[in-house]
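First up is the structure itself, then whatever we jot down about it.
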Amino acid sequence: MSTILITGGSGFIGSHLIDHLIRDNHQIISLDNHITGRPSNLDHLKDNPNLKTIHHDITEPIDIEEKIDYIFHMASPASPIDYIQIPKETLLTGSIGTKNMLDLAQKHSARLLLASTSEIYGDPLEHPQKETYFGNVNTTGPRSCYDEAKRFAEALTMAYHRTHNTNVVIARIFNTYGPRMRPNDGRVVPNFIIQSLKNESITINGDGTQTRSFCYIDDQIDGLTKLMFSNIQGEAVNLGNPEETTISAVSEKIKTMTNSTSTTTYNDMPENDPIRRLPDITKAKNLLDWKPKTDIETGLSATIEHFKNNMQQTETTDQ
Ligand code: UDP
């Protein structure tokens, strides 16, 4: 049993990670300021003695009484509609927040996993994206607050590793979906599911030919935990699903699966929205013996079920 700190523990990925680690009998401390994470994501664990939650903004330093063995540094706004609205918070979480967590890791001699993102590749010019690709990011564009925060976070994490020998590893997380995404999260899967369930118009940005590769949450958690508990240090590893699909195809699939009568509205493509995104996961396959197992139908069906059962919430804006 280890003591594990999770930043962003009330978020979509953070809360699933906590479920997994609690099942494995670890002692969990969750830090979250609930700027995008929701306390209700951990409601089912509120009487669990192995979970301690602390309301904290990680841009402020913090010390933890317990000896920490591992830090999953997950905290950050991650949806374009969020980080474009709160760009300064996004940049400061990725920079100062990451520094505070690296200092904590160093103090406790803990191993830190940085949750990075496929966004560090920007609007990529190479397909699929390998870890060796340097990316194509507009440093002043609307998405730069997230892309550059995460690029800085990766650079700082590597600097601590090189300077202080801090035990670190970087996960580059590609589009991940599943239950507990916020209904008003703004990302494509929750948007299309809710629009379809309500028979409202499906909002496609651009002509829908842009692509993403969608990884189901259970597979992502499996990858993240395998990476954390591996002996890989000072390296970045892509974690995502290598099945590429167009946004139009996703909308059709969701419409069919929900028996929806929704029509489609085509909106302007947001500035710097990546045209193609596709992970090369050879490194994760070779080093972690990991690859996603859930096909898109199975993952979408569980996610649709979740939103059906939580339709009440879809009426509210509970940021
Ligand atoms: N998208 C869309 N309609 C929506 C939300 C998103 O067409 O209601 C598009 C978005 O422009 C992008 C893709 O779906 O091309 C994935 O967007 P998302 O916000 O889920 O995540 P991203 O991969 O861009 O971070």
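Note that ligands are numbered from 1 as they come in the structure, with each ligand's atoms numbered from 1 the same way. Everything numeric in this text was worked out from a predicted model, so none of it was measured.
Proximity of a side-chain donor or acceptor of Asp273 to a complementary backbone N or O of Met269 within less than 3.5 Å is not detected.
Between Phe174 and Phe214, the ring centre distance reaches or exceeds 6.0 Å.
Applying the side chain to side chain donor-acceptor pair (under 3.5 Å) test to Thr298 and every residue at least two apart in sequence or in another chain returns Asp295.
Screening Arg276, His127, Arg212 against Glu244 for a side-chain hydrogen bond (donor to acceptor under 3.5 Å, both in side chains) leaves a single residue, Arg276.
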Show me the short polar-atom pairs for ligand 1: any N or O of it lying under 3.5 Å from a protein N or O, with distances only.
unit_1	atom_1	unit_2	atom_2	d
ligand 1	1 (N)	Asn205	ND2	3.4
ligand 1	3 (N)	Thr203	O	2.6
ligand 1	7 (O)	Asn205	N	2.8
ligand 1	8 (O)	Asn191	ND2	2.8
ligand 1	8 (O)	Thr203	O	3.3
ligand 1	8 (O)	Thr203	OG1	3.0
ligand 1	11 (O)	Asn205	ND2	2.9
ligand 1	11 (O)	Asp273	OD2	2.5
ligand 1	15 (O)	Gln210	NE2	3.0
ligand 1	15 (O)	Arg212	NH2	3.4
ligand 1	15 (O)	Asp273	OD1	2.7
ligand 1	15 (O)	Asp273	OD2	3.3
ligand 1	20 (O)	Val188	N	2.8
ligand 1	23 (O)	Asn175	ND2	2.8
ligand 1	23 (O)	Arg212	NE	2.6
ligand 1	23 (O)	Arg277	NH1	2.8
ligand 1	24 (O)	Arg143	NH2	2.9
ligand 1	24 (O)	Arg212	NH2	3.1
ligand 1	25 (O)	Arg143	NH2	3.3

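Listed by first then second residue, pairs satisfying salt bridge (Lys or Arg N to Asp or Glu O under 4.0 Å) with a partner in residues 114-128 read Glu119-Arg143, Glu119-Arg277, not counting sequence neighbours.
Chaining together hydrophobic side chains whose heavy atoms lie under 4.5 Å apart places Tyr146 alongside Tyr83, Ile84.
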